[in-house]
Amino acid sequence: MTRFGEVTSYMSPERERTVLARLFPDLYFYAQMMGVYWNGSRKAKKGAYDGSDWIKSSEAVLRALESVGVRVKVENMGAFINLDSPCVFIGNHMSTLETFILPCIIQPHRDVTFVVKESLINYPVFKYIMRARDPVVVGRTDAREDLKRVLVDGSDKLGRGRSIIIFPQTTRSVELDPGQFNSIGVKLARRAKVPIVPIALKTDAWGVGRWVKDFGKIHAKIPAHICFGEPMTVSGNGRGEQERIVGFIREKLEEWGNVVQSPESRVQSG
């Protein structure tokens, strides 16, 4: 049984770090992570990678983060566990961490996939796993075409019982900019007539890389926070729900003290 199978909240336990984990946290973590996804990709390439495999891979990455000292706190999973329909998860996008960790939190309770940019399904090694999860793929070059793809493909998946995770920001950012948080997720939920579950994410423990943006420094002393908001149903044009989602995320980020010192440090190219 996955550690998230029978709980509604989670806090990483205190654990002793090995000498290597203390001295070389980045190397120690990425060596574990790459091993997990190399094996998973080999299985996915053969067409044998399913939801349970995704949970195992995701949880192994969580354990790898914890092994170097990152502590992860997850709150209010009950917001989606007891829903009687698929839903659209809408969250801010801060780092690579949420892409790797959310599957082991959500998938044990609700079949789910992501809206992803096209480059991710062509990413070396990881592309086979991403393709195996049948995501909604957008190009990020034509906003109108992306909206159409999300509404059509996303509605089809929701109609077949699969929930969707979407990060509406145009780039990853360590703070919330409402102007960069579009309403595509609300439009999808309204079209498919399913509830929205907001997700507030503070995941800057996983930094942005100098050469490869997705794989940066691991900041072991920075805790990661994931909090699910109460589900909401879209009424009217969805503007009220959009404001409530942004307000929930802003409130949680302020609670977690996610302060940015300078404009240059705010945006992580994504």
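Just the heavy atoms: all of them, side chains too, but no hydrogens, waters or symmetry mates, feed the values below.
In this structure the side chain of Lys46 never reaches within 4.5 angstrom of the side chain of Tyr128, judged on heavy atoms. Using a 4.5 Å cut-off on side-chain heavy atoms (C-beta onward), Tyr49 and Ser41 make no contact. In this structure the side chain of Met130 never reaches within 4.5 angstrom of the side chain of Tyr123, judged on heavy atoms. When side chains are defined from C-beta on, Thr99 does not count as touching Leu120, because their heavy atoms never get closer than 4.5 Å. Between Tyr28 and Thr18, the closest side-chain pair of non-hydrogen atoms falls below 4.5 Å. Contact of the Pro198 side chain with the Ile90 side chain is not registered, since no non-hydrogen atoms from C-beta on lie closer than 4.5 Å. The shortest side-chain heavy-atom distance between Leu158 and Leu188 falls under the 4.5 Å cut-off. Looking at Lys193 and Ser85, their side chains never come closer than 4.5 Å, going by heavy atoms from C-beta outward.
Atom CE in Met94 sits 5.0 Å away from atom CG in Leu253 (nearest 0.5 Å). Here the CZ atom belonging to Phe89 is positioned 13.0 Å from the CD1 atom belonging to Ile166, to the nearest 0.5 angstrom. Note that CG of Asp134 is 4.0 Å distant from NZ of Lys157, once rounded to the nearest 0.5 Å. In this structure, CD1 on Ile106 lies 10.5 Å from CD1 on Ile81, to the nearest 0.5 angstrom. Interatomic distance, CD1 of Ile129 versus CD1 of Ile121, reported as 14.5 Å (0.5 Å rounding). To the nearest 0.5 Å, atoms CZ (Phe29) and CE (Met34) are separated by 10.5 Å.
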Return all side-chain donor-acceptor pairs below 3.5 angstrom for residues 223-231, not counting sequence neighbours, or 'none' if the list is empty.
unit_1, atom_1, unit_2, atom_2, d
Glu230, OE2, Asn76, ND2, 2.9

Test side-chain contact (heavy atoms from CB on, under 4.5 Å) on Tyr30 and Met33; report intermediate values, then the result.
CA-CA 5 Å; Tyr30 283 116; Met33 190 206 75; 4.1 Å; yes

Please test Phe80 against His109 for side-chain contact (heavy atoms from CB on, under 4.5 Å), starting from the C-alpha separation and ending with a verdict.
CA-CA 8 Å; Phe80 67 86; His109 304 281; 4.0 Å; yes

Before you tell me yes or no, could you show the steps for Tyr10 and Ile105 under side-chain contact (heavy atoms from CB on, under 4.5 Å), namely the whole-Å CA-CA distance, both residues' side-chain angles and the distance that decides it to 0.1 Å?
CA-CA 10 Å; Tyr10 175 80; Ile105 299 170; over 6 Å; no

Could you walk me through whether Phe167 and Val115 satisfy the side-chain contact (heavy atoms from CB on, under 4.5 Å) test, starting with their C-alpha distance in whole Å, then the side-chain angles of each, then the deciding distance to 0.1 Å, before giving a yes or no?
CA-CA 8 Å; Phe167 304 122; Val115 174; over 6 Å; no

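Paired with Pro25 under the rule side-chain contact (heavy atoms from CB on, under 4.5 Å), one option of Leu20, Leu65, Val68 passes, and it is Val68. Considering Lys202, His93, Arg172 in turn, His93 is the only one that fulfils the side chain to side chain donor-acceptor pair (under 3.5 Å) rule with Glu98.
Closest heavy-atom contact between Phe114 and Val116: CB-CG1, 3.5 Å. A pairwise comparison of heavy atoms in Gly91 and Pro168 identifies O-CD, 3.3 Å as the closest pair. Contact detail for Ile218 and Trp206: the closest heavy-atom pair is CD1-CG, 4.0 Å. The heavy-atom pair separating Lys187 from Leu147 by the smallest distance is CD-CD1, 3.9 Å.
A donor atom on one side chain and an acceptor atom on the other are found under 3.5 Å apart for Glu66 and Ser12. Counting only N and O atoms by type, the side chains of Gln107 and Ser58 include no donor and acceptor under 3.5 Å apart.
Taking the six-membered ring where tryptophan is involved, the planes of Phe215 and Phe100 are tilted, since the angle between them lies from 30° to 60°.
Of the possible donor and acceptor atoms, none in the side chain of Arg149 sits under 3.5 Å from a partner among the backbone N and O of Val136. Within the 3.5 Å criterion, the main-chain N or O of Leu83 finds a donor-acceptor partner in the side chain of Arg110. Judged purely by atom type and a 3.5 angstrom limit, Asp146 uses its side chain to pair as donor or acceptor with the backbone of Gly139. Although no hydrogens or angles enter the test, the distance criterion places a donor-acceptor pair under 3.5 Å between the side chain of Gln242 and the main chain of Asn182. For Thr113 (side chain) and Arg133 (main-chain N/O), a donor-acceptor pair under 3.5 Å exists by modelled atom type. With hydrogens and angles ignored, the 3.5 Å screen pairs a side-chain donor or acceptor of Arg22 with a backbone N or O of Arg17. Of the possible polar contacts, one joining the Ser163 side chain to the Cys87 backbone as a donor-acceptor pair under 3.5 Å is found. Formation of a donor-acceptor pair under 3.5 Å by the Asp53 side chain with backbone atoms of Asp50 is found in this model. Judged purely by atom type and a 3.5 angstrom limit, Asp111 has no side-chain atom pairing as donor or acceptor with the backbone of Arg162.
The salt bridge (Lys or Arg N to Asp or Glu O under 4.0 Å) check on Arg160 picks up Asp156, with sequence neighbours excluded. Evaluation of the ring-ring contact (aromatic ring centres under 6.0 Å, His included) rule for Phe24 yields no partner, not counting sequence neighbours. For Asn237, the side chain to side chain contact (heavy atoms under 4.5 Å, CB included) test picks out Arg190, Arg239, with sequence neighbours left out. Partners of Glu241 under the side-chain hydrogen bond (donor to acceptor under 3.5 Å, both in side chains) rule, at least two apart in sequence or in another chain, are Ser235. Every residue meeting the side-chain hydrogen bond (donor to acceptor under 3.5 Å, both in side chains) condition with Arg191, not counting sequence neighbours, appears here in chain and number order: Ser155.
Under a hydrophobic clustering in which Ile, Leu, Val, Met, Phe, Trp and Tyr are joined whenever their side-chain heavy atoms come within less than 4.5 Å, directly or via other members, Leu151 and Val186 fall into the same cluster. Side-chain heavy atoms closer than 4.5 Å link hydrophobic residues (I, L, V, M, F, W, Y) into clusters, and following such links, even through other members, never connects Ile184 to Val152.
Within a 6.0 Å radius of NZ in Lys127, more than 12 heavy atoms belonging to other residues, nucleotides or ligands are found.
Ion pair Lys252/Glu255 flagged as a salt bridge, since at least one NZ, NE, NH1 or NH2 atom sits closer than 4.0 Å to an Asp/Glu carboxylate oxygen.
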